[in-house]
Every structure is written in structure tokens, then in C-alpha cells.
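Below, chain A is the first sequence line, B the second, and so on; all start at residue 1.
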There are 2 protein chains.
Amino acid sequence: MAYTLETIAKLAGVSRSTVSRVLNEQPYVREDVRERVWAVVRQVGYQPRAAARSLVTNRTQVIGLLIPEAVSTIFTQPYFSLLIGGITEACNRHRYQLMLSLFSHRSEQESHYRRVIRSGYLDGVIVASWHEEDPLVPRLLEDGVPFVSVSRPDDTRINYVDVDNADGARMATEHLLRQGHRSVGTITGPLTMAPGRDRLAGYRQALAGRGLSVDEDLVARGDFTEEGGRAAMRSLLPHKPTAIFAASDTMAFGALQMLKDAGLAVPGDVALVGFDDLPLASIVEPPLTTVRQPIGRLGGTAVEVLLSLLEASNDGADSVQRVVLPTELIVRASCGSPIH
Amino acid sequence: MAYTLETIAKLAGVSRSTVSRVLNEQPYVREDVRERVWAVVRQVGYQPRAAARSLVTNRTQVIGLLIPEAVSTIFTQPYFSLLIGGITEACNRHRYQLMLSLFSHRSEQESHYRRVIRSGYLDGVIVASWHEEDPLVPRLLEDGVPFVSVSRPDDTRINYVDVDNADGARMATEHLLRQGHRSVGTITGPLTMAPGRDRLAGYRQALAGRGLSVDEDLVARGDFTEEGGRAAMRSLLPHKPTAIFAASDTMAFGALQMLKDAGLAVPGDVALVGFDDLPLASIVEPPLTTVRQPIGRLGGTAVEVLLSLLEASNDGADSVQRVVLPTELIVRASCGSPIH
DNA sequence: TTGTAAGCGTTATCAT
DNA sequence: ATGATAACGCTTACAA
């Protein structure tokens with residue numbers, strides 16, 4: 001039932017090696033032989049065993065997507081869906097497979113790491129949404145596993161793709177300032193993640209650019225989740241901001257709910273700008289002004305960078321790759337009309 | 001650098017087979033030897049090569065999730081996120097890996113099938129969101145690949161897990177009828193998918209149960225997407241339904257937008273009920289009455305059924321497994337207050 | 001209880 | 001241009 005190279009070889013009247021050559025599109029096979037072999041292969045629907053092949057080539061044609069975050073957190077945030085979509089599409093294009101590795105608990109991570117990474121299942125890895133203190137990334141580095149991060153890390157040895165978070169945040173905040181707002185608050189992401197820090201930095205830059213000092217009471221820390229956005233907004237209310245830059249749409253949605261619950265109108269009482277431009281951003285009431293980041297493209301680019309890394313590791317070349325994609329301010333109703 | 005069984009064997013002063021026995025928790029190894037081996041294994045951080053192991057065991061500890069639908073379609077529907085979440089969690093629990101296989105184009109499917117399924121990458125497969133005319137499933141059946149569908153198929157040889165779609169739709173429609181509505185329309189899913197057909201059947205049952213005949217003008221065909229919901233709703237407007245049962249929340253959201261655009265109030269002018277209970281259902285304005293299906297659990301159960309299949313294929317047992325989970329009507333504001 | 005040796009299905013090296 | 005044959009790293013009879 002299960003065909004092997006040997007079977008095909010016999011049927012085609014050649015040797016194993018010749019079949020292997022044909023299958024791998026290698027030269028030095030006579031044209032008619034090549035065709036004869038292909039004919040047999042197609043006829044019986046032969047497909048080489050990946051395990052056998054990988055045992056000798058040390059390649060699996062599989063890359064992993066590691067997201068060291070609770071499963072529930074991940075899939076309530078459309079960000080990840082879009083990211084995975086982009087990654088998947090790129091994988092298909094390059095005929096690579098994608099292994100999805102999400103850990104609910106930190107404790108799973110260790111056993112997972114051994115089982116999956118070290119057992120040679122994967123040619124390389126894309127790491128998304130990791131915190132600086134996570135032991136995973138240093139370990140990948142140490143073990144020499146080819147990987148790319150989808151956010152800018154502090155460590156300069158790490159390959160990454162990211163958007164210009166600070167710049168996006170700056171644009172968003174400047175837009176609010178241009179509308180005449182002077183009491184602009186922000187809901188930050190987790191400051192253990194570079195995007196969280198960078199977007200906060202962009203917010204500060206915008207204020208500094210106008211010669212304004214940052215009122216630390218107007219800086220509330222969130223965690224990129226909707227619930228976090230609600231909580232942060234609640235803590236900001238007493239300080240009466242007239243505008244808020246939330247470091248993610250999801251947090252902005254939470255803030256929006258909180259504002260509604262508090263009887264405040266958006267943008268009438270408080271203007272609101274998010275970050276991401278999730279599909280939902282244009283649907284909520286009022287539609288959310290936000291900083292669009294090309295999340296899908298981010299994922300696709302990560303794949304491409306990773307594959308180029310795998311290529312390079314064949315040659316021995318070995319320079320760090322960094323890709324930064326631009327963001328774009330999408331103005332909708334939630335920030336009020338321009339006052340200039 | 002890369003340790004093998006041989007290395008460990010030497011370091012521990014035993015043979016390859018003994019190390020293998022220890023690693024696989026087999027009996028007939030002296031306790032002190034066992035400990036000596038483990039010590040070495042841990043010390044050098046040895047991890048068996050998956051490919052080598054799989055070459056001889058014919059097992060990979062990897063299952064695949066196949067979704068033969070455009071990537072973009074998939075990830076704009078939270079249904080899939082929740083499903084994948086449930087699957088992932090179950091995989092982690094059982095120490096299996098998950099390979100994500102989504103095809104954008106039908107043409108990719110064929111090459112994908114060969115590369116991934118037939119090359120022995122996977123022990124088994126979960127298939128979600130497939131249409132009856134899709135050649136994929138018959139092919140899996142023919143090739144004897146262990147798989148479970150996450151929707152009820154027509155073919156009785158297929159293992160599946162699903163919710164009771166007809167029952168859920170019946171509950172939803174009956175609820176609308178109980179409120180006094182007599183002009184109840186429906187937006188169906190694709191009728192090439194069992195859930196689409198079953199939910200329509202449930203709608204008809206409910207009407208029949210009240211001795212009402214179905215006005216076919218009030219049955220509009222959708223495709224489970226938001227855009228499809230909008231379009232279907234638009235086609236229903238001329239027939240002036242006072243209530244709509246949409247076969248998915250996502251379509252209900254689309255319908256909701258269409259109704260708003262048409263200047264109709266929900267539930268004032270038209271009552272609306274969905275199906276799924278996505279997180280968003282409770283957030284939209286007005287909050288959506290809907291039929292809750294335990295999507296995550298559906299995914300987890302699919303994994304469990306699949307693994308039991310893999311077990312069984314060792315023994316030779318081989319009966320079709322079917323699991324049907326219950327649904328629950330969640331009443332919110334979008335269907336108006338009960339009139340009884 | 002332990003070790004020896006024969007595969008598993010490929011690729012890769014060497015002859016021819 | 002083609003065919004033996006030796007790896008690759010593991011499991012699993014079979015012997016001891």
C-alpha cells in the first residue's frame with residue numbers, strides 16, 4: 001500500500017538513486033528516463049516520506065509560530081488572527097508548513113520547547129507577542145535556532161520585523177493636539193514589550209514636540225486587552241482628559257465602553273484614537289480613528305525574513321535582519337472634526 | 001553538538017537500546033541504570049530527533065487542522081479563532097502538535113494534500129468548514145487518513161463533532177414566534193454546508209410547529225460572512241419582515257448594519273437573532289440575542305475524538321464516532337421584550 | 001535485565 | 001548518466 005522509492009524504482013526499471021534524482025529535479029538524468037519515472041510516480045500517486053527525507057537533510061520545510069501567551073488572550077485579539085493569516089499565506093506561497101505553538105501556562109513552555117524546538121520538528125521559528133522577561137527568546141538565541149521576532153526587541157542580535165510604533169503613536173497624538181486638545185491622556189500597552197514602550201515614547205515625543213510636558217496622571221498602563229483598556233480608562237476619568245490615545249484598538253474598545261458607561265460622549269466629551277485599525281474599528285460607534293498597521297504584511301514579511309535566514313545558514317552568511325514597515329493614520333469620527 | 005542515542009549510551013555506559021527503553025518508559029530496566037541514564041539525558045539536554053523516531057514508529061504526534069477556505073475569510077470570522085483556541089488547548093494537554101493548513105485557492109489544495117497529508121507529516125486531521133462538493137473529504141476517506149469533521153456531514157462513514165444546529169435554530173425562531181412575530185425571515189448559511197442546511201431546517205420546523213407555512217420570499221441565502229449578511233438583509237427588506245433569524249452572528253452583524261442604513265430600528269422595527277454567541281454579540285448595539293454554541297469545546301472535543309481514533313487504529317477497532325453538543329439560547333436586547 | 005543487529009525510507013558519496 | 005552502498009538516528013525483535 002505504502003509506496004517507497006524502491007517500489008517506484010522497480011516499476012520504472014531504474015535504481016533508487018535515479019528516482020531520487022528525478023524527484024529532486026537534479027541534473028544528469030536522461031530525459032526519457034526522467035519522464036518514465038515521473039509517469040510511474042504520478043500513476044501510483046507516490047509521495048516521499050517526509051520523516052525519512054528530513055532525517056538525512058536536516059530540514060523539515062516546517063516553521064513554527066510561537067506565541068507565549070494564554071490561548072484565550074490570543075484569540076480574543078483580532079491582531080493575532082490577522083498576523084496568522086499573513087503568515088499562513090506566505091507559508092503557502094513558499095510551500096512551507098506552519099506549526100502553531102501557543103502555551104497557556106508558562107510551565108508548558110519548557111516541555112514544549114524541548115519537544116518541539118529541540119526535537120528538530122522545525123526549520124525555524126517566528127516569535128510573536130513576547131515579553132522582555134520571557135526566557136524563551138534568550139534560549140532560542142543560545143541554541144542557535146533561526147528565528148525572527150515580530151516586534152522590535154532590545155537585544156540587537158535578534159532578527160525582527162515591526163512597524164514604526166513610535167512614529168505611529170506620535171502621529172496619533174499630534175493629530176489630537178492639532179484638534180486643540182491640551183489634556184491628552186494615553187493608555188499604554190504592557191511596558192515589558194517593545195511596542196508598548198515605543199508607542200508610549202511616541203506619545204511623549206508628540207507632546208514634547210509642542211513644548212508640552214507630560215502629566216503622568218494621564219498615563220495609564222494597559223495590557224493590550226479590552227478589559228485592560230476599560231480599567232485604564234476608569235483610572236483616567238478622575239483626571240478629566242479631553243482626548244485619549246490608546247496603544248491598541250482593543251484597549252480603545254474597552255475605553256469606549258467605559259466612557260459610555262460613565263455617560264461621556266465620544267468624541268463630544270472625550271476624543272479617542274486607537275492603534276491597529278482592526279476590522280472592528282470602522283464598525284464600532286463612533287468609528288474609531290486609529291493608526292493602521294499592516295498586520296498581515298507583518299506576518300508575511302516575518303516568514304520571508306525567516307526563510308532568507310534559512311537560506312543564509314546554508315551559505316554561512318549570518319547578519320541580523322531588521323524590517324520596519326510604516327504606519328498610517330486613519331481618521332474617523334471618534335476624534336472629532338479637525339479644529340486646526 | 002547534536003547528541004544522539006549513541007552519545008548518551010556511551011556517557012551512561014550502556015547500550016543504545018537501554019537508553020531508548022528508558023526514554024520510552026519501558027519496563028525491564030534496572031532502577032539504578034534508569035536513573036543514571038536520565039541523569040545524563042538531563043545533563044546534556046538530550047532530545048530525540050523526531051524525524052528518526054517517526055521514521056520507525058510511523059507516528060509524528062502532530063495533527064493537522066485543515067480549513068479549505070480563503071485565509072481572509074477565515075480570520076475575519078471569530079468562529080475560527082475560538083475553534084483554533086479550543087483545538088490548541090486540547091493539543092497542549094495531550095502533548096500533540098498542531099499543524100495549521102489553510103488554502104487560499106482550490107489549486108493549492110491539491111499540492112498541499114500531497115505534500116502534507118500523504119507525506120506522513122500528520123497522524124490525523126481535523127477538517128473544519130468544508131462544503132459538500134469539496135473533493136478533499138472523499139479523498140481523505142479513500143486514503144484512509146484518520147480524520148474528524150467539525151460539522152455533521154451527509155456521509156455516514158465520517159467521524160464528526162457538531163452542535164445541534166437544527167435545534168438551536170428552532171429555539172431561536174420559536175422565541176421570535178413567541179414574541180408575537182408572524183413575519184419571521186431568515187438569512188441562511190451556505191446550503192452546501194450541513195450547518196447551513198440544518199439551521200434552515202430548524203427555522204422551518206419552528207414555523208411548522210406553529211402551523212405556519214414558510215414564505216420563501218423571507219428566506220435569503222447568505223454565506224456566513226458579514227458582507228453576505230448585509231446583502232441578504234437588503235434582499236429581504238422589500239418583503240417587510242418584522243423579525244429575522246440569521247444563521248450566524250457575523251451575518252447578523254451585517255444585517256444589523258443594513259437595517260441601520262435603511263433607517264430601521266432594532267428591535268423596534270425588526271427583531272434580530274443570531275447564531276454563535278461570538279464575544280462581539282454582547283458588545284454591538286443593541287446586544288444580540290443569539291444561539292450560543294460552545295465553539296472552543298467543539299474544537300477540544302474534535303481533538304479528543306481524533307486521538308481516540310488514533311488509539312483505535314492501533315487496536316484495529318474502527319467504529320464511526322459522532323458527538324453532538326447542545327446549544328443554548330441567549331436572550332439579549334436585539335429581539336425585543338417578550339410579549340407572550 | 002541488557003546488548004546486538006536489522007530495519008524504517010530517504011539522500012549523498014562513490015564507483016562505474 | 002546510472003547504480004551500489006553507506007549514512008541519518010531511532011525502535012524493536014531476538015539473543016544472551
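Residue Thr18(B) is in sugar-phosphate contact alone, with no base atom involved, counting any heavy-atom pair closer than 4.0 Å across all strands shown. Using a 4.0 Å heavy-atom cutoff across all strands shown, Ser20(B) reaches at least one base atom of the nucleic acid. Residue Asn58(B) is out of contact with every strand shown, counting any heavy-atom pair closer than 4.0 Å.
Of the candidate nucleotides dC8(C), dT2(D), dG3(C), dT2(D) has the atom nearest to the side chain of Arg30(A). Distance from the side chain of Arg49(B) is smallest to dG9(D) among dG9(D), dT2(D), dT1(C). When distances run from any side-chain atom of Arg21(A) to the nucleotides dG9(D), dT2(D), dT11(D), the shortest one goes to dT2(D). Considering only side-chain atoms of Thr4(B), the nucleotide from dT12(D), dG9(D), dT4(C) that sits closest is dG9(D). Comparing dT11(D), dT10(C), dT2(C) against the side chain of Leu5(B) picks out dT11(D) as the nearest. With distances taken from any side-chain atom of Arg53(A) to the nucleotides dT11(C), dT4(C), dC8(D), the minimum falls on dT11(C).
Using a cutoff of 4.0 Å between basic side-chain nitrogens and carboxylate oxygens, Arg114(A) and Glu110(A) are scored as salt-bridged.
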**Chi angles and distances behind the side-chain hydrogen bond (donor to acceptor under 3.5 Å, both in side chains) call for Ser151(B), Asp162(B)** = CA-CA 5 Å; Ser151(B) 68; Asp162(B) 203 345; 5.0 Å; no
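Residues Leu23(B) and Glu31(A) both approach DNA chain D. Their nearest nucleotides, taken by heavy-atom distance, put Glu31(A) toward the 5′ side.
Taking only side-chain nitrogens and oxygens, Tyr28(B) never comes nearer than 4.0 Å to OP1 or OP2 of dA16(D).
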